[in-house]
Amino acid sequence: MDAYDPQSPLAQRSILAYSSALVGCLALLGVLCFHFPDLLTSRDFRQAYTEEFARNLMLVGLVAAFAMGTFAILRGRNAKVALVGVGSATLAVLLGGATVHFEPIEQTPYSLGLDWFVISLFFSALVFIPIERMLGKHKQLTLRAEWRTDIAYYFVSHVLVQFILIAVTASTSTIASIATLPTVTEAVRSLPVWAQFLLAVFCADLFQAGLHRLYHNVPLLWRLHAIHHSSRHMDWLAGSRIHFIEIILTRSAVLIPLVCLGFAQPAVNAYVILVGLQAVLAHANLGIRFGWLEYLLVLPRYHHWHHARDRAYVDANYAIHLPVVDMLMGTFKLPKDGSFPTEYGVLKPETVPQGLVAQQLAPFVGKW
Ligand SMILES: [Zn+2]
Ligand SMILES: [Zn+2]
């Protein structure tokens with residue numbers, strides 16, 4: 001890992017200026033969502049929030065971008081970056097801000113999930129950046145090396161969410177229509193929803209971990225998965241770096257058993273929310289010791305060891321929810337002294353190029 005020097009100009013970057021730039025740009029994208037909701041907002045995610053919530057959030061974002069940006073400019077700290085924040089927020093206000101009027105949203109066959117990107121990035125940054133700065137295990141920059149690559153992954157995977165869902169639904173429903181098991185389905189459906197949820201998490205993790213082990217041991221699959229392991233820094237954003245074919249393959253492989261076994265929709269929905277939260281948390285730069293809980297749930301230290309640039313850990317900790325899955329597979333490995341890896345990434349970093357486009361192409365053209 002690169003050495004962190006608190007006196008370097010990079011470490012002295014103004015958090016207010018950069019926060020203003022982030023929030024200002026998100027507000028600008030948010031206004032575009034208000035203007036073109038049919039095209040830019042995701043039909044599925046729109047159900048999760050109200051128009052009033054979106055307008056209030058926009059108002060808060062605009063005020064925050066102006067206040068933080070102005071303060072940074074007055075203090076002469078990263079004034080150019082702060083100007084990006086104030087400028088974007090001004091443009092967002094000129095384009096109508098939180099008061100844009102829009103007609104009832106028409107159903108379009110395809111739409112982008114720009115609202116999903118804006119809202120989830122805003123809240124993830126709001127929660128994780130302060131926590132990682134206060135409780136981070138590794139002293140590192142918030143905008144560490146290759147953050148642009150990971151934010152690009154975050155952007156594309158959120159904005160294209162509907163297309164990913166379409167691909168996953170197509171593959172799962174085709175297989176589920178062939179492989180239904182009526183007696184098992186009946187037994188699963190007779191359970192209360194909370195028990196179905198726990199069973200769904202266990203089944204999904206078992207399938208995920210099995211496939212994950214294949215990704216590590218089948219050379220052709222490793223080409224895809226190496227992209228995820230190429231991150232040299234662990235933080236809440238690092239987990240976004242996944243090859244798009246891997247996203248579709250893994251989500252399908254995990255959802256197929258859930259659909260075939262007949263879990264009720266609320267149990268599957270709760271599982272989908274958990275996987276989103278736990279995937280971000282598992283990569284986060286968090287040094288908190290969780291004691292015995294680390295053996296019950298996959299927490300940062302557990303998954304960090306999976307990402308360790310250490311030959312002894314190349315075949316360990318495949319689970320993303322429950323360490324018991326690795327215990328059953330014989331791949332559980334966690335140092336008892338509470339230590340974290342000192343270096344992350346693939347053993348041969350030269351095999352994975354930098355940047356989203358090059359990484360998407362790498363499995364097909366790179367030298368392996
Ligand atoms: Zn892996
Ligand atoms: Zn990971």
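Remember, it's 1-based here, ligands and their atoms both numbered in the order they're listed.
Under the 6.0 Å distance and 45° angle rule, Arg77 does not count as a cation-pi partner of Tyr18.
In this structure, NE2 of His303 and NE2 of His283 enclose an angle of 90° at the Zn ion (ligand 2), rounded to 10°.
In summary, no N, O or S atom of His307 is located under 2.8 Å from the Zn ion (ligand 1). Put simply, His229 stays out of reach of the Zn ion (ligand 2), with no N, O or S atom under 2.8 Å from it.
For OH of Tyr313, the number of neighbouring non-hydrogen atoms (other residues, nucleotides, ligands) closer than 6.0 Å is greater than 12.
Put simply, Val127 and Val280 are part of the same group of oily side chains (I, L, V, M, F, W, Y) that touch within less than 4.5 Å, one to the next.
His228 has its closest N, O or S atom to the Zn ion (ligand 2) at the position named NE2. When you scan the N, O or S atoms of His212 for the one nearest the Zn ion (ligand 1), you land on NE2.
Listed for the Asn285 side chain is a donor-acceptor partner under 3.5 Å among the backbone atoms of Lys137.
The aromatic ring centroids of His216 and Tyr318 lie less than 6.0 Å from each other.
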